[in-house]
Protein chains: 2
Amino acid sequence: MALGKDYEGQDCSLARALELVGERWTLLVIRDAFYGVRRYSDFVAHLDIPRAVLADRLAALTAAGVLERRRYQQSPPRDEYVLTPMGRDLWPAVHALSRWGGRYLSPDGPSKLYTHALCGSPLDQAGTCPECGGPVPPEDVEARPVRPTACDRRDDPVTRLLEGPRRLLRPLTEPV
Amino acid sequence: MALGKDYEGQDCSLARALELVGERWTLLVIRDAFYGVRRYSDFVAHLDIPRAVLADRLAALTAAGVLERRRYQQSPPRDEYVLTPMGRDLWPAVHALSRWGGRYLSPDGPSKLYTHALCGSPLDQAGTCPECGGPVPPEDVEARPVRPTACDRRDDPVTRLLEGPRRLLRPLTEPV
DNA sequence: GTCTTTGAGTTCGTTCATCGAACCAACAGG
DNA sequence: CCTGTTGGTTCGATGAACGAACTCAAAGAC
């Protein structure tokens with residue numbers, strides 16, 4: 001999508017955002033990054049995304065500055081992908097879309113509840129904390145599944161880790 | 001995208017939202033609907049979208065309840081597409097993504113400024129009005145181009161109408 | 001009454017993206 | 001030396017998007 005066939009010549013911020021982040025799978029990769037997923041194999045396991053597509057998306061997001069690729073062990077050399085500040089600033093958009101999907105497209109209501117980790121109250125529609133007032137950065141958000149886990153039809157290690165409440169952006173390897 | 005090859009079996013609100021709204025062009029159609037575009041030919045003129053794709057997206061959004069198709073004249077029979085309350089609730093997501101694109105992907109900064117029409121102050125990052133406090137519904141948002149119009153490379157009637165400040169959701173045929 | 005225009009699509013052949021299964025390479029452990 | 005793990009790449013088959021041309025119904029112009 002990004003190359004060649006660009007969205008119109010219009011001077012539009014939304015079109016430019018979608019060029020980068022509007023392709024199939026891309027926002028789900030970013031959502032997983034907020035949940036703490038950082039490694040290629042974990043993205044594959046959790047998303048069931050074709051490997052070639054994942055490699056393509058990770059490269060594009062890294063090139064654009066949404067993700068940063070960093071080495072976390074030397075031998076064998078292994079890299080992980082983490083959200084940059086630019087990537088973390090996608091949180092309001094991800095939260096708004098996710099909330100909308102939970103409200104209108106999920107028969108049983110949203111499956112995850114997002115709360116302000118510092119005070120415990122659930123985020124409101126604008127992504128702000130009604131108690132403390134003001135927006136909540138993603139690192140202060142706690143995601144917890146609403147339903148007793150029964151509704152998850154998946155069974156991979158990443159999904160199982162995400163069944164408990166988790167602070168956003170914490171790597172999967174660390175406890176809550 | 002929506003059919004058959006659905007995004008994983010996961011119980012995820014974001015995935016469900018993207019099934020409907022994450023396909024190419026769809027969010028741009030919705031943005032145009034916020035700007036007051038309602039007619040097939042106006043969407044085509046403003047977006048340069050392939051006509052078959054537009055017909056497909058309008059049908060899908062109408063079937064899902066994001067748009068409503070309503071007859072605005074009997075002879076010849078003509079319909080227009082307007083956002084339903086469900087569609088209008090996409091405003092926070094559209095605003096957040098658009099703002100992100102303006103901040104990180106637009107060399108000259110955002111091209112449009114969104115203000116609270118009732119008090120005139122620009123919306124903040126969460127889509128709330130810093131003066132009045134609280135979220136601003138899209139019908140109370142005024143969009144105005146920031147730059148002196150020179151940067152628009154397009155030249156169709158719809159673009160020209162959108163060059164002035166406009167209240168969101170007002171049909172293009174009405175003045176501001 | 002015929003000619004043309006307008007709005008709202010549909011058709012269709014080409015091109016591009018995605019899918020998924022298999023393959024590859026580098027290192028680690030036994 | 002063999003096997004397992006991680007992080008990819010390759011490739012043929014399928015599906016979606018592109019865009020130019022075509023359709024159709026109803027007005028309007030002459």
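A note on names: the letters A, B, ... follow the listed sequences, proteins ahead of strands, and every chain is numbered from 1.
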Modelled atom types, side-chain donor and acceptor of A:Asp79 and A:Tyr72, under 3.5 Å: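 No, no side-chain donor-acceptor pair sits under 3.5 Å.
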inquiry  = Using the ring centroid of each side chain, check whether A:Phe43 and A:Trp25 are separated by less than 6.0 Å.
reply    =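 They do not qualify: ring centres at least 6.0 Å apart.
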ask   = Between the base of D:dG7 and the side chain of A:Arg51, is there a donor-acceptor distance below 3.5 Å?
value = yes
Selection from [options] that lies nearest to any side-chain heavy atom of [X]:
{"X": "B:Ser41", "options": "D:dA17, C:dG7, D:dG7", "value": "C:dG7"}
{"X": "B:Arg24", "options": "D:dC18, C:dA28, D:dG8", "value": "D:dC18"}
{"X": "B:Pro50", "options": "D:dG19, C:dG7, C:dA26", "value": "D:dG19"}
{"X": "A:Tyr40", "options": "C:dA8, D:dT9, D:dT6", "value": "D:dT9"}
{"X": "B:Pro76", "options": "D:dA26, C:dG9, D:dG7", "value": "D:dA26"}

Would you mind reading off the distance between [X] atom [atom1] and [N] atom [atom2], rounded to a whole angstrom?
{"X": "B:Glu19", "N": "D:dA16", "atom1": "CD", "atom2": "P", "result": "12 Å"}
{"X": "A:Leu58", "N": "D:dT6", "atom1": "CG", "atom2": "C1'", "result": "14 Å"}
{"X": "B:Leu172", "N": "C:dG7", "atom1": "CG", "atom2": "P", "result": "13 Å"}
{"X": "B:Asp79", "N": "D:dA26", "atom1": "CG", "atom2": "P", "result": "14 Å"}
{"X": "A:Gln73", "N": "C:dA26", "atom1": "CD", "atom2": "P", "result": "17 Å"}
{"X": "A:Leu47", "N": "C:dG20", "atom1": "CG", "atom2": "P", "result": "13 Å"}
{"X": "A:Ile49", "N": "C:dA21", "atom1": "CD1", "atom2": "P", "result": "15 Å"}
{"X": "A:Asp48", "N": "C:dG20", "atom1": "CG", "atom2": "P", "result": "8 Å"}

Ignoring hydrogens and angles, tell me if any N or O in the side chain of [X] forms a donor-acceptor pair with the backbone of [Y] under 3.5 Å.
{"X": "B:Thr26", "Y": "B:Gly22", "answer": "no"}
{"X": "A:Arg167", "Y": "A:Ala143", "answer": "no"}
{"X": "B:Arg88", "Y": "B:Leu83", "answer": "yes"}

At under 4.0 Å, does any side-chain N or O of [X] touch on OP1 or OP2 of [N]?
{"X": "A:Tyr72", "N": "D:dG7", "answer": "yes"}
{"X": "A:Arg57", "N": "C:dT18", "answer": "yes"}
{"X": "A:Ser75", "N": "C:dA28", "answer": "yes"}
{"X": "A:Trp25", "N": "C:dA17", "answer": "no"}

>> Within the 4.0 Å heavy-atom criterion, would you say B:Tyr81 contacts the bases, only the backbone, or no part of the nucleic acid?
In response: sugar-phosphate
Assign each of A:Asp56 and A:Pro77 the nucleotide of DNA chain C bearing its closest heavy atom; nearer the 5' end lies the nucleotide of A:Asp56
